[in-house]
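Take a look at the structure below.
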Amino acid sequence: MQFSELGLRIALQDAVAELGYKEATPIQAQAIPLLLDGRDVIGSAQTGTGKTAAFALPILSRLGPHGPGPRCLVLEPTRELAVQTHENFLKLSKYTRLHCGLVYGGVGYGAQRDAFKQGVDIITATPGRLLDHLQEGAVKLDLVQFLILDEADRMLDMGFLPDVKRIVMKCGKERQTALFSATIPPAIETLIQWAMKDPVTVEIGARRSVAETVKHVVYPVAELQKQDLLLALLDKIHWESVIVFCRTKRSADDVLYSLKRARHKAAVIHSDRSQKERQQALEGFREGYYEVLVATDIAARGLDIADVSHVINYNVPEHPEDYVHRIGRTGRAHASGDAFTLFTASDAQDLQSIERFISKKIERVKLEGFPYQYTVLFDEAKLGPVAGKSRGARIGKGYFFGPAKRR
Ligand code: ADP
Ligand code: MG
């Protein structure tokens with residue numbers, strides 16, 4: 001589907017052409033006409049499928065000239081995503097006269113207040129800071145006609161639901177609402193019923209699939225050898241840029257330290273780093289200065305990082321959806337990527353939920369020449385009954401260096 005066939009204003013078609021987009025992605029081809037038509041839309045498609053332009057283009061097309069506002073509000077779960085979406089709006093609105101504003105925490109209030117005073121048509125915001133401004137009376141949302149809840153699943157995961165509700169209540173009643181998410185868990189269904197009017201659902205691809213272009217495998221390893229295996233993998237495989245996902249801030253910092261000791265150019269993003277440090281890490285990685293980006297899942301969700309050659313899960317993700325999200329960072333835009341997950345015995349249960357979620361067994365592989373210590377995972381058949389047990393019955397780490405007894 002060509003952008004010229006979608007009914008967008010010429011100013012937007014020109015901006016799209018300048019960005020080099022040739023054809024609309026499936027979510028864009030389906031959501032844009034509906035949003036232009038005034039419908040509420042629930043859009044679900046994997047990370048990296050162009051959801052931002054799917055809502056930004058029709059809204060920019062319908063907003064007309066600059067006017068009193070704000071008339072469009074986009075909520076994002078993290079600062080990085082807010083920045084990214086705002087930048088998209090700036091590029092796409094280049095040939096319009098619309099003003100775009102960005103609101104997020106961790107920076108001063110002054111510039112954001114000034115922007116409200118000067119008048120913005122579109123605000124991209126994280127919930128917390130926007131609520132601060134609303135409480136102060138620095139901005140009002142009663143003229144908002146377009147409300148976008150982006151990355152809604154993550155917004156809920158991060159506990160933003162009460163904030164989101166408070167913000168939605170302050171928006172104009174006669175509005176169009178769109179919700180975008182890679183997955184639609186049940187908690188979102190309530191938000192949908194409450195905030196949206198007769199929405200149409202546009203769902204592209206199975207919510208539970210990993211892109212077909214991605215080859216993903218699991219590396220069983222003893223807990224104590226994880227860092228060594230990570231370094232060995234980086235030595236052996238041919239890669240250009242890698243994101244390493246960690247479950248906790250602590251393990252992210254540890255991994256960063258060992259990467260630096262091995263003379264890799266690496267940076268980390270997690271929520272204990274200042275906004276400036278996170279932005280700098282991200283930019284450095286995008287520009288190729290850092291070759292490895294270590295990130296906790298929350299910090300990295302949905303970030304548009306192009307051309308990652310490899311994703312390495314240093315920990316098996318706890319939530320199966322996160323596995324799909326993380327892997328979604330490679331294999332984007334048809335370049336085939338590889339994703340590795342380091343798998344220790346204590347992850348048996350989590351890996352099994354992932355495999356159930358994606359309805360597929362992930363291939364186990366070993367790195368040739370690596371001085372592996374034994375783990376029970378090397379004869380996984382023995383794990384059989386354990387994997388099916390409840391969380392409480394999970395096997396502890398030490399067990400694998402002792403005799404293999406059943407529980
Ligand atoms: P999502 O929100 O679905 O994760 P984004 O909106 O962040 O995805 O887009 C991912 C990347 O794809 C961005 O770099 C964006 O510029 C690019 N992109 C979006 N639409 C198109 C298109 N129609 N053709 C080519 N690239 C596109
Ligand atoms: Mg997005």
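Order of listing sets the numbers, starting from 1, for every ligand and every atom in it. Keep in mind it's a predicted model, so treat the numbers as computed, not measured.
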A student checking ligand 1 against Thr52 at a 4.0 Å heavy-atom cut-off should list atoms 2 (O), 5 (P), 6 (O), 7 (O)
CG of Leu342 to OH of Tyr219: how many Å apart, nearest 0.5 Å?
9.0 Å
I need the atoms of ligand 1 closer than 4.0 Å to a non-hydrogen atom of Phe3, numbered in the order shown.
23 (N)
Does some non-hydrogen atom of Phe180 fall short of 4.0 Å from ligand 1?
no
I'd like the name of whichever of Ala56, Gly43, Gly50, Ala29 reaches closest to atom 8 (O) of ligand 1 through any heavy atom.
Gly50
Should we count CD of Glu174 as having more than 12 external heavy atoms under 6.0 Å?
no
If the cut-off is 4.0 Å to any non-hydrogen atom of Thr49, which atoms of ligand 1 fall inside it?
1 (P), 3 (O), 8 (O)
Number the atoms of ligand 1 from 1 as they appear, then name those within less than 4.0 Å of a heavy atom of Thr25, with their elements.
22 (C), 23 (N)
Criterion side-chain hydrogen bond (donor to acceptor under 3.5 Å, both in side chains) against Thr344, the qualifying member of Lys226, Gln225, Glu223:
Glu223
Please confirm whether Glu23 comes under 4.0 Å of ligand 1, counting heavy atoms of the residue only.
yes
Hey, does Asn88 come in under 3.5 Å of ligand 1, counting only N/O atoms on both sides?
no
Return yes or no for this condition: an N or O of Lys51 is under 3.5 Å from an N or O of ligand 1.
yes
Measure the OG-CD1 distance between Ser44 and Ile27 for me, rounded to the nearest 0.5 Å.
6.5 Å
Is Gly48 in polar range of ligand 1, meaning some N or O pair under 3.5 Å apart?
yes
Beyond-backbone contact of Phe116 with Val120, side-chain heavy atoms, under 4.5 angstrom
yes
Hey, are Asp37 and Arg62 close enough for a salt bridge, meaning a charged N less than 4.0 Å from a carboxylate O?
no
Lys NZ or Arg CZ of Arg129 over Tyr109 ring: under 6.0 Å, within 45°:
yes
